[in-house]
Amino acid sequence: MHLNILEIGTKKAITIDADASIQEVCKLLGESGVKKVPVVSDNKVVGILLRSAIINYLEKQYLEQAKTTHQAG
């Protein structure tokens with residue numbers, strides 16, 4: 001177990017730009033198979049986005065839209 005962490009990790013990190021859309025994030029997570037991705041701005045990590053956070057966000061958006069649609073109809 002005398003390995004350097006870079007020997008077992010990836011050489012090219014998967015990141016997402018802070019200005020990316022929700023669609024871009026979903027596509028990246030889906031295609032890469034990762035559950036979280038560092039968010040970068042000006043080549044600096046400014047946060048970490050988790051798949052579960054996106055799911056929670058989309059669930060809230062869906063429920064709000066469903067509620068609005070139900071109230072209008």
Side-chain angles (χ1 to χ4, degrees):
M1 295 311 257
H2 299 285
L3 293 175
N4 180 313
I5 194 70
L6 293 176
E7 293 178 76
I8 59 174
T10 181
K11 302 255 189 252
K12 182 167 177 7
I14 297 170
T15 62
I16 192 82
D17 191 77
D19 295 326
S21 69
I22 190 78
Q23 291 86 359
E24 291 172 298
V25 174
C26 290
K27 182 177 178 182
L28 175 68
L29 291 175
E31 290 176 353
S32 67
V34 297
K35 294 183 181 180
K36 52 189 123 183
V37 62
V39 179
V40 294
S41 179
D42 295 325
N43 292 321
K44 293 182 182 180
V45 175
V46 294
I48 297 178
L49 188 57
L50 284 74
R51 185 184 302 183
S52 60
I54 294 171
I55 291 169
N56 289 336
Y57 170 79
L58 292 173
E59 177 185 32
K60 287 179 186 176
Q61 294 299 311
Y62 173 79
L63 292 174
E64 284 181 25
Q65 184 179 20
K67 182 179 174 182
T68 302
T69 302
H70 180 71
Q71 289 176 348

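Numbers here simply count residues along the sequence, with the first being 1.
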Query raised in the report: If you measure only the distance, is there a donor-acceptor pair under 3.5 Å linking the side chains of Gln65 and Thr68?
Result: no
**Report entry** Reported NZ-to-CD distance for the pair Lys60 and Glu64, which is rounded to 0.5 angstrom
**Finding:** 8.5 Å
Query raised in the report: Which is it for Cys26 and Ile54 under the side-chain contact (heavy atoms from CB on, under 4.5 Å) test, yes or no, and what are the steps along the way?
Result: CA-CA 8 Å; Cys26 290; Ile54 294 171; 3.8 Å; yes
Report task. Check the pair Leu29 / Ile16 against side-chain contact (heavy atoms from CB on, under 4.5 Å), numbers first and verdict last. Result -> CA-CA 10 Å; Leu29 291 175; Ile16 192 82; over 6 Å; no
**Report entry** Non-hydrogen side-chain atoms of Val46 and Val40 separated by less than 4.5 Å
**Finding:** no
Query raised in the report: Under the side-chain contact (heavy atoms from CB on, under 4.5 Å) criterion, do Ile48 and Val39 qualify, and how do the steps go?
Result: CA-CA 5 Å; Ile48 297 178; Val39 179; 6.0 Å; no
Query raised in the report: Hey, is CG on Asn4 packed in by over 12 heavy atoms from elsewhere, all under 6.0 Å?
Result: yes
Report summary line: One should read off an interatomic distance between Lys36 NZ and Leu49 CG, to the nearest 0.5 angstrom, of 11.5 Å
Report summary line: Shortest non-hydrogen pair, Thr15 vs Leu28, comes out as O-CD2, 3.6 Å
Query raised in the report: Same cluster or not: are Val25 and Val34 linked, directly or through other Ile, Leu, Val, Met, Phe, Trp or Tyr residues, by side-chain heavy atoms under 4.5 angstrom apart?
Result: yes
**Report entry** Straight-line distance of Gln61 CD to Asn56 CG, nearest 0.5 Å
**Finding:** 12.0 Å
Query raised in the report: Is a donor on one side and an acceptor on the other found under 3.5 Å between the side chain of Glu24 and the backbone of Ser21?
Result: yes
Query raised in the report: Under the 3.5 angstrom rule, does the side chain of Asp17 hit a backbone N or O of Asp19 as a donor-acceptor pair?
Result: yes
